[in-house]
Amino acid sequence: MKIVIAGGHGKIALRLTRLLTERGDSVVGIVRNPRHVDGIGRVGGEAVVLDLEQATVDEVAAALAGADAAVFSAGSGNSAASPRRDKMDRAAVVLVMDAAEKAGVRRFLHVSSINVGGADDSGIGEGYATYLRAKRAAEEHIFARENLDWTVLRPGVLTDEDGDGTVELTSGDRIGPKRIRYDEVARDDVAAVLVALLDRPDTAGRIYVVVGGETPIEKAIDG
């Protein structure tokens with residue numbers, strides 16, 4: 001397959017790129033910073049430099065040309081102000097979906113958050129709440145797309161621990177839980193779940209929540 005990853009230099013994206021290219025797939029990572037091009041090359045991918053806050057639909061569609069799937073794994077970052085959270089965590093998702101439709105790429109995977117429905121929880125700060133509202137709005141745009149075979153993956157709190165290929169994977173609903181959860185999951189295992197989802201077109205139209213667990217990934221998806 002040829003996979004295009006928005007946010008190609010992110011920690012999950014680099015792990016995903018390595019897994020895909022090691023088995024022979026072609027990966028293109030969209031990055032904003034030209035200094036990140038070499039990093040993508042080191043894990044076997046190619047890079048396209050595009051700022052998703054400024055790029056046009058046509059520019060992103062050109063990057064997606066010939067792809068079998070698009071993965072949105074970009075993010076605003078922990079220290080981003082409210083306007084940038086909206087641009088990256090909502091508007092950029094819409095941009096990539098518009099571009100995918102224009103390029104004829106139906107398969108679309110989105111990396112969201114386990115807490116996407118919890119922006120009004122009284123125990124979190126305004127910065128995190130703003131982030132969750134943007135992610136929630138992005139999901140609402142995804143659910144309305146009839147021309148994309150989308151899958152939404154909502155990981156728990158991400159860690160850099162070594163993955164072990166086992167997770168707890170459950171079906172999520174479109175609203176998401178109202179209370180904040182702090183279940184952890186290794187980025188290694190999130191990347192491996194994304195690979196499995198890319199291989200399974202029957203997971204289109206589904207929402208999954210992934211945290212650390214004891215079930216092998218392939219079995220978890222079958223469940």
Side-chain angles (χ1 to χ4, degrees), residues 3 5-20 29 69-78 80 85 88-90 92-93 96 107-119 121 124 127-143 150-200 203-223:
I3 312 299
I5 305 175
H9 199 259
K11 291 183 177 181
I12 291 174
L14 289 173
R15 288 165 166 82
L16 175 59
T17 299
R18 184 185 297 277
L19 291 174
L20 291 171
V71 178
F72 192 96
S73 189
S76 56
N78 293 334
R85 290 194 185 279
M88 282 305 302
D89 299 318
R90 182 198 60 81
V93 181
V96 174
R107 193 74 172 105
F108 179 81
L109 272 62
H110 178 65
V111 181
S112 186
S113 167
I114 192 174
N115 291 320
V116 71
D121 189 296
I124 66 172
Y128 190 35
T130 300
Y131 164 78
L132 292 176
R133 290 188 185 102
K135 298 293 279 187
R136 174 67 189 138
E139 285 196 5
E140 290 173 351
H141 285 288
I142 293 169
F143 301 150
W150 55 262
T151 303
V152 171
L153 183 63
R154 296 172 177 166
V157 178
L158 299 167
T159 76
D160 289 326
E161 301 295 324
D162 290 341
D164 56 13
T166 64
V167 296
E168 177 186 310
L169 193 69
T170 56
S171 294
D173 59 37
R174 294 197 174 194
I175 297 174
K178 296 296 185 182
R179 299 190 66 179
I180 298 297
R181 293 176 57 182
Y182 296 100
D183 312 62
E184 294 185 344
V185 62
R187 287 181 172 89
D188 283 353
D189 289 329
V190 175
V193 169
L194 288 169
V195 172
L197 293 174
L198 285 166
D199 288 343
R200 294 284 297 271
T203 61
R206 301 280 303 275
I207 303 163
Y208 293 97
V209 177
V210 61
V211 297
E214 303 298 326
T215 305
I217 289 171
E218 288 293 340
K219 185 176 180 180
I221 291 177
D222 286 336

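Quantities reported herein were computed from a predicted structural model and do not represent experimental measurements.
Listed here is the closest heavy atom pair of Val185 and Pro155: CG1-CB, 4.1 Å. A pairwise comparison of heavy atoms in Arg206 and Ser171 identifies NH2-OG, 3.0 Å as the closest pair. Closest of all the heavy-atom pairs between Arg85 and Gly127 is NE-O, 3.4 Å. Among all heavy-atom pairs drawn from Val152 and Ser112, the shortest one is CG1-CB, 4.0 Å.
Residues Val93 and Phe108 meet the side-chain proximity criterion, which asks for heavy atoms closer than 4.5 Å. Counting heavy atoms from C-beta on, the side chains of Ile114 and Ile180 never come closer than 4.5 Å. Annotation: side chain of Val71 is in contact with side chain of Ile3 (closest heavy-atom distance under 4.5 Å).
No side-chain donor-acceptor contact under 3.5 Å links Arg187 and Thr159. When only modelled atom types and interatomic distance are considered, Thr151 and Arg107 share a side-chain donor-acceptor pair under 3.5 Å. A donor-acceptor contact closer than 3.5 angstrom links the side chains of Tyr128 and Asn115.
Interatomic distance, Leu194 CG to Leu19 CG, rounded to the nearest 0.5 Å: 9.5 Å. The line from CG of Leu153 to CG of Leu109 is 7.5 Å long, rounded to the nearest 0.5 Å. Distance OH/Tyr131 to CE/Met88: 11.0 Å, rounded to 0.5 Å.
Distance alone, capped at 3.5 Å, places no donor-acceptor pair between the Asp189 side chain and the Gly163 backbone. A donor-acceptor pair is defined here as one N or O able to donate and one able to accept, closer than 3.5 Å; such a pair exists between the side chain of Asp173 and the backbone of Gly176.
Applying the salt bridge (charged side-chain N to carboxylate O under 4.0 Å, His left out) rule to Asp199 yields the partners Arg23; only residues at least two apart in sequence or on another chain are considered. Partners of Arg133 by salt bridge (charged side-chain N to carboxylate O under 4.0 Å, His left out), not counting sequence neighbours, listed by chain and number: Asp120, Glu126.
Screening residues 176-186 for salt bridge (charged side-chain N to carboxylate O under 4.0 Å, His left out) gives Arg181-Asp183 as the qualifying pairs, with residues at least two apart or on separate chains. Residue pairs satisfying the ring-ring contact (aromatic ring centres under 6.0 Å, His included) criterion with at least one member in residues 150-180, sequence neighbours excluded, are listed as follows: Phe143-Trp150.
Using a cut-off of 4.0 Å between Lys/Arg side-chain N and Asp/Glu carboxylate O, Lys135 and Glu139 are scored as not salt-bridged.
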Between Arg154 and Val116, does the side-chain contact (heavy atoms from CB on, under 4.5 Å) criterion hold? Intermediate values first, please. CA-CA 8 Å; Arg154 296 172 177 166; Val116 71; 3.4 Å; yes
Output a table of donor-acceptor pairs, distance under 3.5 Å, between side-chain atoms of residues 5-15 and any protein atom two or more places apart or on a different chain; print 'none' if there are none.
residue : atom : partner : partner atom : Å
Lys11   : NZ   : Asp160  : OD2          : 3.3
Arg15   : NE   : Asp188  : OD1          : 2.7
Arg15   : NH1  : Lys11   : O            : 3.0
Arg15   : NH2  : Asp160  : OD1          : 3.4

Show every donor-acceptor pair shorter than 3.5 Å between a side-chain atom in residues 211-223 and any protein atom, with sequence neighbours excluded, or say none if there are none.
residue : atom : partner : partner atom : Å
Asp222  : OD1  : Arg200  : NH1          : 2.7
Asp222  : OD1  : Arg200  : NH2          : 3.2

